[in-house]
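The structure presented is a predicted model; accordingly, all values stated were derived computationally and were not measured. Residue numbers count from 1 along this sequence.
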Amino acid sequence: MVCVHAHKIPYARQGVSVTTSDRIVLITGTSSGIGLAAAVAAARAGLRVVATMRDTGRSGPLTKAAEAAGVADRVEIAELDVTDAGSVAACLADVLARHGRLDAVVNNAGAGRVGTVEQDGLAPVREVMEVNFFGVVEVTRAALPHLRASGGRVVTVTSVGGVVGQPFNEAYCAAKFAVEGFMESLAPVAATVGVTVTVVEPGAVASEFVASQGIDLPALLAAAGPYAPALDAYAARTRTAFDQAQSAEGAAASIVTALTAERPPFRVQTSDRARAFVGAKLADLDGAAVQGITAGWVA
């Protein structure tokens with residue numbers, strides 16, 4: 001049995017209070033990992049979830065998890081490709097047609113990349129930016145008129161890699177830095193029309209996102225040329241980091257807090273390790289502290 005609490009959340013534009021159970025939240029990238037866990041956790045908190053993914057044929061794990069949690073009736077699966085403006089528009093139109101409102105968007109869909117630009121060229125950088133940055137911008141842009149109407153929220157899953165640049169994650173961190181800058185700039189503007197903006201910054205998370213990157217380390221090392229020793233050292237350090245990774249469910253809890261708290265902060269880290277890592281950067285005026293940390297990863 002799932003206990004659903006009907007919290008009342010203020011809606012600035014409408015001047016009314018709406019129970020949590022009436023709120024509609026759209027979450028991108030829910031076929032696995034943090035997105036899947038967030039969809040289930042949000043439904044358990046009483047929200048009605050439109051769980052989107054590029055390929056709805058991969059919805060089996062989410063459906064099973066929602067059924068196991070007793071919230072299948074609060075989770076709807078919908079197709080959405082964040083890199084396709086037509087897909088974004090069609091999905092939002094369908095949500096509005098069926099529910100008449102949209103109260104929150106969680107930008108979670110993302111793509112990773114391990115490599116360095118001299119060896120990789122620009123194509124992989126553009127691909128990662130398309131999903132992790134432009135996809136977020138497009139979904140947010142399209143959702144804002146509806147979020148203004150409801151006094152809603154934009155919650156975006158970035159990363160500690162959106163604050164701290166990390167070796168061999170140039171494309172990924174560049175995209176996440178861009179998202180953080182976009183959302184930090186948008187937040188005060190959106191607030192003037194009643195929309196709250198929050199970024200959620202996970203550290204290492206044990207999820208299928210990592211496995212789905214299909215990294216062939218021997219092949220990467222063979223192609224790394226003069227960067228092979230540094231890449232080998234980075235890979236060894238990263239394996240250790242993910243041995244201590246947070247669960248996807250733990251990260252999802254921070255997303256649900258951002259969706260349901262009366263006044264969520266702009267920036268939220270999902271674990272003590274993430275808070276310590278991000279804190280080192282935010283207090284690092286000359287960059288020496290971060291360089292001191294990350295240089296050790298490739299030595």
Side-chain angles (χ1 to χ4, degrees), residues 4-30 35 38-39 41-52 74 76 78 80 82 85 88-109 133-158 162 178-201 252-270:
V4 175
H5 301 283
H7 302 290
K8 289 194 173 182
I9 307 296
Y11 281 74
R13 294 295 290 176
Q14 294 182 336
V16 299
S17 291
V18 178
T19 60
T20 302
S21 60
D22 292 327
R23 298 178 70 207
I24 307 298
V25 55
L26 183 149
I27 307 177
T28 68
T30 60
R44 286 178 64 91
L47 298 164
R48 294 192 176 276
V49 178
V50 180
T52 75
R74 305 191 67 80
E76 304 170 15
L80 173 60
V82 301
V88 173
C91 182
L92 288 173
D94 185 58
V95 171
L96 269 292
R98 286 186 292 114
H99 299 288
R101 64 184 298 121
L102 178 65
D103 298 291
V105 164
V106 177
N107 291 303
N108 170 74
F133 177 63
F134 289 111
V136 167
V137 173
E138 179 58 32
V139 171
T140 302
R141 182 202 66 78
L144 274 170
H146 313 300
L147 298 175
R148 282 194 288 107
S150 64
R153 301 183 180 189
V154 177
V155 177
T156 301
V157 180
T158 62
V179 170
E180 291 252 342
F182 174 79
M183 291 297 171
E184 193 165 59
S185 301
L186 176 65
V189 178
T192 67
V193 293
V195 178
T196 301
V197 174
T198 298
V199 295
V200 176
E201 300 166 342
S254 295
I255 296 172
V256 173
T257 297
L259 288 169
T260 58
E262 186 173 354
R263 290 184 178 83
F266 169 72
R267 177 174 282 116
V268 178
Q269 295 82 42
T270 66

Contact summary for [X] and [Y], nearest pair of heavy atoms:
| X | Y | answer |
| --- | --- | --- |
| A42 | I27 | CB-CD1, 4.5 Å |
| A43 | R74 | O-CD, 3.7 Å |
| D103 | R23 | OD2-CA, 3.2 Å |
| V268 | S254 | CG1-CB, 4.1 Å |
| V256 | A45 | CG1-CB, 3.8 Å |
| L144 | V195 | CD2-CG1, 4.2 Å |

Do [X] and [Y] have side chains that get closer than 4.5 Å, going by heavy atoms?
| X | Y | result |
| --- | --- | --- |
| L186 | T140 | yes |
| V154 | L147 | yes |
| L26 | T52 | yes |
| V157 | N107 | no |
| V200 | T156 | no |
| V106 | L259 | yes |
| R101 | V95 | no |

Please identify each residue that fulfils side chain to side chain contact (heavy atoms under 4.5 Å, CB included) with [X], with sequence neighbours left out.
| X | result |
| --- | --- |
| A51 | T30, A39, V49, L62, V75 |
| V189 | none |
| T196 | R153, T198, P264 |
| E76 | V50, R98, H99 |

**Item:** Straight-line distance of N108 CG to I255 CD1, nearest 0.5 Å
**Value:** 5.5 Å
**Rounded distance (nearest 0.5 Å) linking atom CG of L80 with atom CG of D94** = 11.0 Å
**Partner residues of T158 under the side-chain hydrogen bond (donor to acceptor under 3.5 Å, both in side chains) criterion, sequence neighbours left out** = E180
**Prompt:** Any salt bridge (Lys or Arg N to Asp or Glu O under 4.0 Å) pairs touching residues 182-193, not counting sequence neighbours?
**Reply:** E184-R267
**Request:** Please report the C-alpha distance between L96 and H146 in whole Å, then the side-chain angles of each, then the deciding distance to 0.1 Å, and finally whether the side chain to side chain contact (heavy atoms under 4.5 Å, CB included) criterion is met.
**Result:** CA-CA 9 Å; L96 269 292; H146 313 300; 3.9 Å; yes
